[in-house]
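The model shown is predicted, which means the values in this text are computed figures rather than measured ones. Below, chain A is the first sequence line, B the second, and so on; all start at residue 1.
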Number of protein chains: 2
Amino acid sequence: MPHDLAGAGRLSASSLTADVSFLLARANALSFAAGNVALAAHGLRARSYSVLALAAGGIRPSQREIADFLRLDPSQVVALVDDLQRHGLVEREPDPVDRRANVVVATAAGRELYAEASADALDAEEELHGALDPAQRAQLAELLRIVAFPS
Amino acid sequence: MPHDLAGAGRLSASSLTADVSFLLARANALSFAAGNVALAAHGLRARSYSVLALAAGGIRPSQREIADFLRLDPSQVVALVDDLQRHGLVEREPDPVDRRANVVVATAAGRELYAEASADALDAEEELHGALDPAQRAQLAELLRIVAFPS
DNA sequence: TATTGTTATACTCTATAACTATA
DNA sequence: TATAGTTATAGAGTATAACAATA
């Protein structure tokens, strides 16, 4: 069943409608805006939330790993971790096997805030993807993983 | 066949991997960057290319329609159209039935540049989606249309 | 009253280069 | 020689408010 592009109006006839890059950009813009609204109540934004998620996951990532995974410049990670640390949500720990590297770990307060924020973020995502059934949502995630993490 | 997140390394264990918003953001960042590289040779960027695409499609969109479709603020469209017009790629025409509105149409030069640029943009997209077969690509586009244009 | 285009402004995000300390 | 983190800076993108002309 093809989608009728209800929200697109007269311009749904444009060739952009077939452009995956454009669809990706528009879907991301909606998702990003809705996510930021949901996260604002917790003093977070999309980027700081992502860093907190990695720090709270028990993986003990280095700043470099965070930069690569989130596709941020390492200097941006510095600023984001600075901000989270200032709010007592994460700590920098020296990597015992590489004294150049910092491992970023969430504090107890950070883990708690992440739990609260992620619940709201998931609610916002539900809202955004309400038109997709669970199978479609899983399929979208799978296809996006392939595009987002090319071998 | 599940994807192994080859590019994600150790952090593929993170819960972000299941977060469609995050995957959308990362896929879009890659797509956006690759697109801008491809478009730079033509003096365009993702946003100005999208405006040119709408102007070159024969739809005669108003600036307001462009803003809604591309999810830009109307004031951003002013700047983008200004720039394209300065380069002789589009013209503003008064809408005969609504004197408030400007209709944006591509010039001959604009249509020609769009043809060249879109070929390169499609090549870049091929590169990005090389891991997807045609059926998967069509499926991704269909799912993204539903998310990008909610009813 | 509401909408289209416009100007102005501030903020966030992104990109690049250079430096330091370690490896 | 290369890599992790850091600082600094400039540019691109986003968000908001206000205004004139027109509906």
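- When the P atom of D:dA20 is taken as reference, atom CG of B:N102 falls 19 Å away, rounded to whole Å.
- The closest donor-acceptor contact from the side chain of B:E116 to the backbone of B:L113 lies at 3.5 Å or more, if one exists at all.
- As rounded to whole Å, 10 Å separates atom P of C:dT14 from atom CG of B:N28.
- Checking the phosphate oxygens (OP1, OP2) of D:dA21, no side-chain nitrogen or oxygen of B:R100 falls inside 4.0 Å.
- The CG-C1' distance, from B:D95 to C:dT3, rounds to 13 Å in whole Å.
- Taking the six-membered ring for Trp, B:F69 and B:F149 have ring centres closer than 6.0 Å.
- A salt bridge between B:R92 and B:D82 is present, with a side-chain N of the basic residue lying under 4.0 Å from a carboxylate O of the acidic one.
- Remark: P of C:dT12 and CG of A:L44 are 14 Å apart, rounded to the nearest angstrom.
- Of the charged side-chain nitrogens involved, at least one lies within less than 4.0 Å of a carboxylate oxygen, so that A:E126 and A:R137 count as a salt-bridged pair.
- Summarising the geometry of B:A38 relative to B:A124, their closest heavy-atom pair is CB-CB, 3.9 Å, with the distance given to 0.1 Å.
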Test B:S15 against A:Y114 for side chain to side chain donor-acceptor pair (under 3.5 Å), laying out the working first.
CA-CA 12 Å; B:S15 57; A:Y114 171 66; 3.1 Å; yes
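- Between D:dA23 and B:R99, a contact under 4.0 Å exists linking OP1 or OP2 to a side-chain N or O.
- Distance from the side chain of B:R64 is smallest to C:dT4 among C:dT6, D:dG5, C:dT4.
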How does each nucleotide of nucleotides 7-16 of chain D score, in 5' to 3' order, for protein heavy atoms under 4.0 Å: base (B), sugar-phosphate only (S), or none (-)?
BB---SSBBB
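- Using a 4.0 Å heavy-atom cutoff across all strands shown, A:D98 reaches sugar-phosphate atoms only and no base atom.
- Here the P atom of nucleotide C:dC13 and the CZ atom of B:R26 are 18 Å apart, to the nearest Å.
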